[in-house]
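I have placed the structure first, in the form of structure tokens, so that the comments after it can refer back to it.
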Amino acid sequence: MHQDPTESATEDSKTPAYERSTSLHTFSGRLTHMLHDLDPMGTCCRLNLEMEDEYASEAPPIARLLDSGVPLRDAVCQVFDEWFWEDCLKNRLGYEGVNVLIARLNKGLEQLSNHRDMPALHEKLFYRILPDLTIDDLGWSYAAFMQTAPEQLDPAALDNGPAVRIGLIEISLDDPEDSEPASDTNQSVIPRPNEPDLTNVLPWLHAHLFEKTRRRAPPEHLLSYPQFLQQVRHRLKA
């Protein structure tokens, strides 16, 4: 995880660098979160609460380049080339992949500035933090996912979270860099809607997504879990 040594001098110097760089009140904060959710370098930070600031170093210089008139694609590629290696995004994603990244980044920045209450932010993050649930093989919608929400979150659910299957890769959440091909005998399988949760992965997913949302919601919009669940259920019935 990064610490940003180049925070803008115009921001409150009394605020810790991490809070300045990840606050949704700032453009660089929204940029940090979007880079985290899209994870262009494949760090698996979306699935690790200790990696919220994975792209906090890259976001402020990108924001400064944008402020000087540099196009978003050029700004992102320039900063990532400096922080990682030349043409790292193009090598990882391909030319069209970079186009998709920039388009999603641009769209997401606009959406994050407009979705700040917890239920709306939670739904938006469902599709960003847990996009693999919505693939055809699994077929989860947000409404179906929230039908499995527990009445109370288990405080222990986030401890030693299970390995989560993403495609053909099994990612250990305790060590995101330690990935290996999934096996039929040692794999935490995410169930389809209405299937039994044999590996008890859903409580962890709910706890993980709620905690991600809680950390990003403005203080004036923070809700307790029971309050949040009540509002979400009301919205889904409307």
Side-chain angles (χ1 to χ4, degrees), residues 1-4 7-8 10-39 45-56 59-60 63 105 107-131 133 140-161 164 173 201-238:
M1 289 176 283
H2 303 306
Q3 293 289 335
D4 179 21
E7 277 291 332
S8 170
T10 61
E11 296 185 13
D12 184 2
S13 60
K14 295 182 180 181
T15 304
Y18 171 73
E19 293 184 12
R20 292 202 306 272
S21 63
T22 59
S23 170
L24 286 179
H25 292 283
T26 67
F27 178 78
S28 64
R30 294 194 295 273
L31 186 56
T32 296
H33 281 303
M34 277 308 305
L35 290 170
H36 166 279
D37 296 349
L38 294 171
D39 193 17
C45 56
R46 288 184 293 118
L47 301 177
N48 195 321
L49 289 173
E50 304 307 316
M51 297 175 70
E52 283 283 291
D53 61 346
E54 182 65 14
Y55 294 97
L105 188 58
K107 181 178 180 180
L109 287 170
E110 296 177 0
Q111 292 175 335
L112 278 179
S113 64
N114 296 325
H115 294 84
R116 303 177 74 175
D117 66 278
M118 282 190 70
L121 183 60
H122 187 268
E123 182 174 2
K124 190 62 61 178
L125 291 180
F126 168 78
Y127 293 102
R128 293 214 183 102
I129 303 298
L130 305 174
L133 293 183
W140 286 91
S141 66
Y142 180 70
F145 178 71
M146 290 309 298
Q147 287 176 1
T148 69
E151 293 298 323
Q152 295 289 338
L153 291 180
D154 180 2
L158 292 175
D159 297 335
N160 301 316
V164 177
L173 299 174
V201 69
L202 288 175
W204 178 83
L205 290 174
H206 280 287
H208 181 75
L209 187 59
F210 179 79
E211 179 60 20
K212 287 277 190 181
T213 306
R214 188 193 67 79
R215 292 186 181 191
R216 299 189 189 188
E220 63 270 22
H221 292 301
L222 283 174
L223 300 171
S224 67
Y225 180 74
Q227 291 172 327
F228 158 80
L229 194 58
Q230 182 182 35
Q231 288 194 17
V232 169
R233 287 173 172 170
H234 178 75
R235 289 190 179 202
L236 292 176
K237 289 180 180 178

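Heads up: numbering here begins at 1 and tracks the sequence.
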Listed by chain and number, what are the ring-ring contact (aromatic ring centres under 6.0 Å, His included) partners of Tyr225, not counting sequence neighbours? Phe210
Closer than 4.0 angstrom, basic N to acidic O: yes or no for Asp37 and Arg216? yes
Which heavy atom in Cys45 sits nearest to a heavy atom in Glu54, and how many Å separate them? CB-CB, 3.9 Å
What residues form a side-chain hydrogen bond (donor to acceptor under 3.5 Å, both in side chains) with Gln152, not counting sequence neighbours? none
Between Glu52 and Arg214 (salt bridge meaning N to carboxylate O under 4.0 Å), is one present in this structure? no
From Gln147 CD over to Trp140 CH2, what is the distance, rounded to the nearest 0.5 angstrom? 8.5 Å
Which residues pass the side-chain contact (heavy atoms from CB on, under 4.5 Å) test with Gln227, not counting sequence neighbours? Leu223, Ser224
Distance-minimising heavy-atom pair for Thr32 and Ala59: OG1-CB, 3.1 Å
Can you see which heavy atom on Gln231 is nearest to which on Pro119, and at what distance? OE1-CG, 3.5 Å
Non-neighbouring partners of Ser141 that pass side-chain hydrogen bond (donor to acceptor under 3.5 Å, both in side chains), sequence neighbours left out: none
Who passes ring-ring contact (aromatic ring centres under 6.0 Å, His included) against His122, sequence neighbours left out? Tyr142, Phe228
List the steps and the verdict of side-chain contact (heavy atoms from CB on, under 4.5 Å) for Leu31 and Tyr55. CA-CA 9 Å; Leu31 186 56; Tyr55 294 97; over 6 Å; no
Which heavy atom of Leu222 sits nearest a heavy atom of Ala217, and at what distance? CD2-CB, 4.0 Å
Validation row: Thr213, Glu123 side chains within 4.5 angstrom (heavy atoms): no
Identify, with sequence neighbours excluded, every residue that meets side-chain hydrogen bond (donor to acceptor under 3.5 Å, both in side chains) alongside His206. Thr148
Closest non-hydrogen atom pair between Ala149 and Leu229, with its separation: CB-CD1, 3.8 Å
Is Arg128 close to Arg46 at the side-chain level, that is, under 4.5 Å between some pair of heavy atoms? no
Using the rule given for side-chain contact (heavy atoms from CB on, under 4.5 Å), can you reason through Ile129 versus His208, listing the C-alpha separation, both sets of side-chain angles and the distance that settles it, and then say yes or no? CA-CA 9 Å; Ile129 303 298; His208 181 75; 4.0 Å; yes
Side-chain touch Leu205/Phe145, heavy atoms, less than 4.5 angstrom: yes
Is there side-chain contact between Leu121 and His221, with heavy atoms separated by less than 4.5 Å? no
Find out whether Leu130 and Leu125 are in side-chain contact, i.e. whether some heavy atom of one side chain is under 4.5 Å from a heavy atom of the other. no
